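Everything quoted here is computed from the prediction, not taken from an experiment.
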Amino acid sequence: MFLANPATLRRNGVLCMNKRNIDYIGRYNPRKFYKRVDDKLTTKQLALANNIAVPDLIGTVSEQHGIAEIPGMVNNTDGFVIKPSKGSGGKGILVVTKVENGRYYKPNGQEVTPSEVDRHVSNILSGLFSLGGKPDVAIVEGLIQFDPVFDGYSYEGVPDIRLIIFKGFPIMGMLRLSTAASDGKANLHQGAVGVGIDIATGKGLHAVQFDQPIDLHPDTKKELISIQVPQWDTLLHTASMAYEMSELGYLGTDMVLDKNKGPLLLELNARPGLAIQIANGRGILPNLRHVEKMGNHNMTVEERVAYAKIHFSANS
């Protein structure tokens, strides 16, 4: 745990918010490129142009009268996700895992009425969930098919993988697992579990919920650090590619594993949170400084990933 005075945190290599904002976000993320990650629709279009797989786009709604088109969009789907294009922190995401005779059901089996869906989309358009409260666009995406390798590790929700990318190098990773407390969402602030993942192997290292260490998933009682994330190299390569795509030096990448399509990029974050350090049980600063000392480099994605697996492993 990092409940200590600032000097102790620094000695343990913990990156604090002010230092992150000034030395990394402010220094390495040109503001002119923020739209590439703050607008999820733009991110999706960029990813497709760079041969990076993303969840299927069913449609978008940009004006209030377009809400009436949603039943037609989702009528022949097994499920769908509605999210704000400019949302943050997992706010405003509605997940429907079953569509049956025009009726919609959330992962916990609770029905969502058409009028509730309409109201949710209306709130998205009005900017209720967007950065700065500006008018927004609702994105309707295909449902991600849960990879069965995560059975028991997540509760009523799809786990996602957060990787911090610095100057193209994956330097720290975390798996976020939904719980009953988080209402099926992989959001740590709402009670999801964070599991630190070894960059070299994709194996679990350390787990937390509400910033407290835990060994077992609170709902399924599955041992958390026994997890091994499959297709780990592909996830690392996809995350590393986001550096060139976004032109942002300090970046959070959020990905999921679809059982049919493999790794999919969900979104990018120009201001990734600091809880990943708690999930890993160690600070991220030594890895950041290591990359900074390298200066400019001309490594390929493959070379950066290979380098990261050697130098940023939990055992390095």
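In this structure, Asn29 contributes its side chain and Gly249 its backbone to a donor-acceptor pair below 3.5 Å. When atom types are taken as modelled, the side chain of Ser178 and the backbone of Ala186 share no donor-acceptor pair closer than 3.5 angstrom. Panel note: side chain Arg103, backbone Val112; no donor-acceptor pair is recorded below 3.5 Å. Side-chain atoms of Ser313 do not come within 3.5 Å of backbone N or O of Ile310 as any donor-acceptor pair. At least one donor-acceptor pair closer than 3.5 Å links the side chain of Thr179 to the backbone N or O of Gly191. Distance alone, capped at 3.5 Å, places no donor-acceptor pair between the Thr77 side chain and the Phe80 backbone. Without hydrogens or angle criteria, Asp258 side chain to Pro263 main chain gives no donor-acceptor distance under 3.5 Å. Within the 3.5 Å criterion, the main-chain N or O of Ile197 finds no donor-acceptor partner in the side chain of His206. When atom types are taken as modelled, the side chain of Gln190 and the backbone of Asn187 share no donor-acceptor pair closer than 3.5 angstrom. The backbone N or O of Asp118 lies less than 3.5 Å from no partner atom in the side chain of Ser122, so there is not a single donor-acceptor pair.
The side chain to side chain donor-acceptor pair (under 3.5 Å) test applied to Lys44 returns Glu141, not counting sequence neighbours. Judged as a side chain to side chain donor-acceptor pair (under 3.5 Å), and not counting sequence neighbours, the contacts of Glu63 are His65. Legend: residues meeting side chain to side chain donor-acceptor pair (under 3.5 Å) with Lys19, ordered by chain and number and at least two apart, are Asp23.
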(request) Show your working on side chain to side chain contact (heavy atoms under 4.5 Å, CB included) between Phe169 and Met294 and close with a plain yes or no. (result) CA-CA 11 Å; Phe169 293 88; Met294 295 173 67; 3.6 Å; yes
(message) Go through it in stages, so that I can follow the logic: the residues are Lys86 and Asp38, the test is salt bridge (Lys or Arg N to Asp or Glu O under 4.0 Å), and I'd like the CA-CA distance, side-chain angles, deciding distance and then a yes or no.
(response) CA-CA 6 Å; Lys86 299 174 185 174; Asp38 285 346; over 6 Å; no
(message) Run the side chain to side chain contact (heavy atoms under 4.5 Å, CB included) test on Asn50 and Glu244 for me, step by step, so that the C-alpha distance in whole Å, both residues' side-chain angles and the decisive distance to 0.1 Å come before the verdict.
(response) CA-CA 9 Å; Asn50 285 271; Glu244 280 85 5; over 6 Å; no
(request) I would like to know whether Val193 and Leu188 meet side chain to side chain contact (heavy atoms under 4.5 Å, CB included); could you show each step before the answer? (result) CA-CA 6 Å; Val193 169; Leu188 298 189; 5.9 Å; no
(message) Using side chain to side chain contact (heavy atoms under 4.5 Å, CB included), reason through Ile199 and Leu236 one step at a time and then give a plain yes or no.
(response) CA-CA 8 Å; Ile199 286 291; Leu236 291 176; 4.3 Å; yes
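Within the cation-pi definition used here (under 6.0 Å to the ring centroid, within 45° of the axis), Arg31 qualifies as a partner of Tyr34.
Ring geometry, Tyr28 versus Tyr24: the interplanar angle falls under 30°, so the pair is classed parallel (tilted spans 30 to 60°). Between Tyr250 and Phe166, the ring planes lie perpendicular to each other; the angle is over 60°, past the 30° to 60° tilted range.
Note that CE of Met172 and CZ of Arg162 are 13.0 Å apart. Values are rounded to the nearest 0.5 Å. Annotation: the span from Lys91 atom NZ to Phe129 atom CZ amounts to 9.5 Å, rounded to 0.5 Å. The CZ atom of Arg271 lies 12.5 Å from the CE atom of Met17; values are rounded to the nearest 0.5 Å. Ile225 contributes atom CD1, which lies 11.5 Å from atom CD1 of Ile227 (distance to the nearest 0.5 angstrom). Atom CD in Gln231 sits 9.5 Å away from atom OG1 in Thr238 (nearest 0.5 Å). Note that OG of Ser154 is 5.0 Å distant from CZ of Phe146, once rounded to the nearest 0.5 Å.
Here the closest heavy-atom approach between residue Leu265 and residue Asp254 is recorded as CD1-O, 3.6 Å. Pairing each heavy atom of Gln209 with each of Ala181, the nearest pair is NE2-CB, 4.4 Å. Heavy-atom minimum distance, Ile67 versus Val61: N-CG1, 3.8 Å. The nearest pair of heavy atoms linking Glu303 to Asn298 is OE1-O, 4.2 Å. Nearest heavy atoms, Val99 versus Asn75: CG1-O, 4.3 Å. Considering all non-hydrogen atoms of both residues, Val305 and Ser240 come closest at CG2-CB, 4.1 Å.
The side-chain contact (heavy atoms from CB on, under 4.5 Å) test with Val158 singles out one residue from Val81, Val256, Leu266, Asp147, and that residue is Val256. The side-chain hydrogen bond (donor to acceptor under 3.5 Å, both in side chains) with Tyr307 is formed by just one residue from the set His290, Glu302, His297; it is His290.
Within 6.0 Å of the CG atom in Asp78, the count of heavy atoms belonging to other residues, nucleotides or ligands does not exceed 12. Heavy atoms of other residues, nucleotides or ligands lying less than 6.0 angstrom from CG of Asp215 number 12 at most.
Linking ILVMFWY residues whenever their side-chain heavy atoms come closer than 4.5 Å, directly or via other members, places Ile165 and Trp232 in the same cluster. Linking Ile, Leu, Val, Met, Phe, Trp and Tyr residues whenever their side-chain heavy atoms come within less than 4.5 Å places Leu268 and Leu46 in a single cluster. Linking ILVMFWY residues whenever their side-chain heavy atoms come closer than 4.5 Å, directly or via other members, places Leu274 and Ile284 in the same cluster. No continuous path of hydrophobic side-chain contacts links Leu264 to Ile139 [ILVMFWY only; heavy atoms under 4.5 Å]. Cluster annotation: Tyr243 is connected to Val291 through the hydrophobic network of ILVMFWY side chains, with a link wherever side-chain heavy atoms come within less than 4.5 Å.
Between the side chains of Ser246 and Arg36, not a single donor N or O lies within less than 3.5 Å of an accepting N or O. Side-chain atoms of Asp39 and Ser85 include a donor-acceptor pair closer than 3.5 Å.
In summary, Lys203 and Asp198 do not engage in a salt bridge, as defined by a charged side-chain N under 4.0 Å from a carboxylate O. We find that Asp160 and Arg176 are joined by a salt bridge, their nearest charged nitrogen and carboxylate oxygen being less than 4.0 Å apart. A salt bridge does not link Lys185 to Glu156: none of the charged side-chain nitrogens sits closer than 4.0 Å to a carboxylate oxygen. We find that Asp151 and Lys222 are not joined by a salt bridge, their nearest charged nitrogen and carboxylate oxygen being 4.0 Å or further apart.
Side-chain contact check for Tyr104 versus Val117: some heavy-atom pair is nearer than 4.5 Å. Looking at heavy atoms from C-beta onward, Thr60 lies in side-chain contact with Leu41 at the 4.5 angstrom threshold. A 4.5 Å side-chain heavy-atom check between Val229 and Leu257 finds at least one atom pair inside the cut-off. Using a 4.5 Å cut-off on side-chain heavy atoms (C-beta onward), Pro84 and Ser130 make no contact. Contact of the Met174 side chain with the Val195 side chain is not registered, since no non-hydrogen atoms from C-beta on lie closer than 4.5 Å. Here the side chains of Ile276 and Ile164 are in contact, with some heavy-atom distance below 4.5 Å. Residues Gln277 and Arg282 form no side-chain contact, since every pair of their non-hydrogen atoms from C-beta on lies 4.5 Å or further apart. Here the side chains of His311 and Ile171 are not in contact, with every heavy-atom distance at 4.5 Å or above.
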